[in-house]
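Atoms considered below: every heavy atom in the structure, side chains included; atoms not considered: hydrogens, waters and symmetry mates.
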Amino acid sequence: MSSIPLIRLGQAIRAMRQHRGLTQQDVALRASVPRRKVIEIEQGSPRVVIETYAKVAHVVGGELSLAPARRPTLEEVREIFTDED
């Protein structure tokens with residue numbers, strides 16, 4: 001199963017972290033989570049609970065919110081059908 005939304009979320013969190021000049025360890029300490037969880041979040045892991053995504057997003061200056069679904073782009077559809085998991 002593809003986790004494109006989580007991958008995009010992880011990429012956004014990584015970009016925000018880097019923009020703020022924070023290391024993964026900085027974020028982990030401020031969010032009170034292991035550094036490994038920050039790494040997993042930035043990779044878009046579905047094994048990380050949403051609460052941890054929210055904590056890390058808050059530390060980098062973001063927040064999670066619900067938005068209406070949208071149709072996937074052609075590139076996203078290609079990723080779904082080439083996913084080798």
| request: Determine, stepwise, if the pair Q24 / R35 fulfils side chain to side chain donor-acceptor pair (under 3.5 Å). | output: CA-CA 6 Å; Q24 291 172 332; R35 179 175 170 264; 3.1 Å; yes
| message | Using every non-hydrogen atom in the two residues, find where P34 and A28 come nearest and quote the distance to one decimal. | response | C-CB, 3.9 Å
Indicate every side-chain donor-acceptor pair of residues 47-56 with a distance under 3.5 Å to a residue at least two apart or in another chain.
{"from": "Y53", "atom 1": "OH", "to": "S45", "atom 2": "N", "distance (Å)": "3.2"}
{"from": "Y53", "atom 1": "OH", "to": "S45", "atom 2": "O", "distance (Å)": "2.8"}

| request: Could you tell me the separation between the CG atom of L74 and the CZ atom of R78, rounded to the nearest 0.5 Å? | output: 4.0 Å
| message | Tell me the closest heavy-atom pair linking D26 and G21, and the distance in Å. | response | OD2-O, 4.3 Å
| request: May I ask you to say whether K37 pairs ionically with E40, meaning some side-chain N is under 4.0 Å from a carboxylate O? | output: yes
| field | Heavy atoms of other groups near Q25 CD, more than 12 under 6.0 Å | value | yes
| ILVMFWY cluster, L29 and I41 together (side-chain gap under 4.5 Å) | no
| query | Between G61 and R20, what is the shortest heavy-atom contact and its length? | reply | N-NH1, 3.2 Å
Name every donor-acceptor pair, under 3.5 Å, that has one atom in a side chain of residues 6-17 and the other anywhere in the protein, sequence neighbours excluded.
{"from": "R8", "atom 1": "NH1", "to": "E76", "atom 2": "OE2", "distance (Å)": "2.6"}
{"from": "R14", "atom 1": "NE", "to": "E42", "atom 2": "OE1", "distance (Å)": "3.3"}
{"from": "R14", "atom 1": "NH2", "to": "E42", "atom 2": "O", "distance (Å)": "3.1"}
{"from": "R17", "atom 1": "NE", "to": "E42", "atom 2": "OE2", "distance (Å)": "2.5"}
{"from": "R17", "atom 1": "NH1", "to": "L22", "atom 2": "O", "distance (Å)": "2.9"}
{"from": "R17", "atom 1": "NH2", "to": "E42", "atom 2": "OE1", "distance (Å)": "3.2"}
{"from": "R17", "atom 1": "NH2", "to": "E42", "atom 2": "OE2", "distance (Å)": "3.3"}

